[in-house]
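Worksheet: the structure to be examined is printed underneath.
We number each residue from 1, following the sequence as shown. In each ligand, atom 1 is the first atom listed, and ligand 1 is the first ligand listed. Keep in mind that this is a model prediction, so the values were computed, not measured.
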Amino acid sequence: MNRNSAIGVFDSGIGGLTVLREITRLLPNENTVYLGDTARVPYGSKSKETIERYSFEIAAFLLKYDIKMLVAACNTASAFAVPSLKTGLSIPVTGVIEPGARAAAGATKAGRIGVIGTEGTIKSSAYTAAIKAIKPEAETFVQACPLFVPLVEEGWAEDEVTAIIAQRYLSGFQDAGIDTLVLGCTHYPLLKDTIASVMGEGVTLIDSAASTAIEVKKILEEKGLLNNGKAPGAHRFFVTDSPERFMAVGRRFFGENLAAAELAILTEN
Ligand code: DGL
């Protein structure tokens, strides 16, 4: 493992490509290996024990590609498995929760922060804990939005149906007086316009993907592991099921230059 080794990024499926996109924008010379666990998605409704087990299986797979750091792009995996991945692996690990919490704590003026995510992420209270660790006086207001993920995957991010559902999920925040809302799920950056139009101009939306890319750069700099080559990075994609569907839907998340995905066989723990 050295500076030229790849950054490993994983998610329950395609959503983590929003995080990978930000990493490759900020660090265009870095090589990356992505694994989307499309055979076992969604993670958002599963237990901590299951998500921890899945995450360690994925880490073992990515370590075979000599990765120099691991990024849990999935909010649910970040909430449930990143603490144990950090202690269990010998390479640096980051999730998306701490970077997102830091950005939210920095953005709020009123100290009133909303958090949306999958059922698992919201149940874990990981964002609330991370926000309070930085800004103890902050108040958080949370809401699970389980219908958002399938709506985005269906390609309905801009559809009126999604606008109605967003109104229903988010109306509680309007009375809570929040000025900052954390988009605590890989898929929600694609709903930014819809969410912004429900929340209005006074609410800053925090996209953990961008803050996570900054965190990845900081960690690699600190460890002396930034790739200082000039060539554009190479990107490899693995999925545990249906590479074709991953590629078709993944282009919405990553852009047209998504390379062909390969099938990964994970070894069960
Ligand atoms: N990637 C998941 C997350 O960010 C959303 C999809 C799922 O439930 O697996 O929490």
Side-chain angles (χ1 to χ4, degrees), residues 8-23 34-55 57-59 62 70-83 85 93-101 103-104 114-128 130 142-157 162 165 169 181-192 195 205-213 215 237-242 245-246 249-250 252-254 266:
V9 180
F10 78 95
D11 179 45
S12 54
I14 49 183
L17 292 173
T18 55
V19 176
L20 184 69
R21 188 181 53 192
E22 294 301 326
I23 294 173
Y34 180 92
L35 184 125
D37 196 3
T38 46
R40 302 188 292 194
V41 69
Y43 280 14
S45 50
K46 295 192 171 79
S47 69
K48 179 176 193 285
E49 292 66 31
T50 299
I51 301 306
E52 270 186 327
R53 178 161 54 82
Y54 289 178
S55 300
E57 286 168 13
I58 292 170
L62 289 173
L70 180 66
V71 183
C74 175
N75 286 256
T76 312
S78 300
F80 283 149
V82 159
L85 286 170
V93 177
T94 186
V96 291
I97 304 238
E98 279 172 24
V115 180
I116 53 177
T118 64
E119 281 174 73
T121 299
I122 296 305
K123 245 187 239 154
S124 76
S125 300
Y127 270 110
T128 298
V142 302
Q143 174 67 50
C145 305
L147 293 176
F148 279 171
V149 168
L151 288 166
V152 169
E153 297 210 357
E154 195 63 28
W156 290 3
T162 308
I165 291 171
Y169 277 142
L181 179 64
V182 179
L183 307 180
C185 174
T186 46
H187 290 56
Y188 300 175
L190 281 91
L191 295 172
K192 239 183 202 163
I195 294 170
L205 302 185
I206 303 293
D207 170 355
S208 325
S211 340
T212 303
E215 179 75 7
F237 298 90
F238 289 97
V239 286
T240 49
D241 191 28
S242 288
R245 176 173 152 77
F246 173 83
V249 184
R252 275 209 296 280
F253 288 79
F254 192 69
L266 303 184

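- Each of the following atoms of ligand 1 lies closer than 4.0 Å to a heavy atom of Y43: 7 (C), 8 (O), 9 (O).
- Atoms of ligand 1 lying under 4.0 Å from at least one heavy atom of G44, given by number and element, are 7 (C), 8 (O), 9 (O).
- Contacts between D11 and ligand 1 below 4.0 angstrom, taking non-hydrogen atoms only, involve the side chain exclusively.
- No hydrogens or angles considered: nothing links the side chains of Y54 and T240 as a donor-acceptor pair under 3.5 Å.
- Nearest protein heavy-atom neighbour of atom 10 (O) of ligand 1: T76 OG1, 2.6 Å.
- No donor-acceptor contact under 3.5 angstrom links the side chains of N75 and Y188, judged on distance only.
- In summary, the side chains of S47 and T50 do present a donor paired with an acceptor at a separation below 3.5 Å, with no hydrogens or angles considered.
- Listed by atom number, the atoms of ligand 1 under 4.0 Å from T118 heavy atoms are 5 (C), 8 (O), 10 (O).
- Using the six-membered ring where Trp is involved, Y34 and F246 have ring planes that are tilted, between 30° and 60° apart.
- At a 3.5 angstrom cut-off on N or O pairs, H187 does not count as close to ligand 1.
- Residues F148 and Y169 place their aromatic rings such that the two centres sit under 6.0 Å apart.
- Looking only at heavy atoms of the protein, atom 2 (C) of ligand 1 is closest to C74 SG, 3.5 Å.
- Proximity of V41 to ligand 1, defined as any heavy-atom pair under 4.0 Å, is confined to the side chain (atoms from C-beta onward).
- L70 and A59 make their closest contact through CD2-CB, 4.0 Å (heavy atoms, listed as atom of the first residue, atom of the second, distance).
- Salt-bridge formation is detected for the pair K48/E52: a Lys NZ or Arg NE/NH1/NH2 atom is positioned less than 4.0 Å from an Asp or Glu carboxylate oxygen.
- Counting atoms of ligand 1 from 1 in the listed order, those under 4.0 Å from a heavy atom of S12 are 1 (N), 2 (C), 6 (C), 7 (C), 9 (O).
- Close approach of ligand 1 to C185 (heavy-atom distance below 4.0 Å) involves ligand atoms 3 (C), 4 (O), 5 (C).
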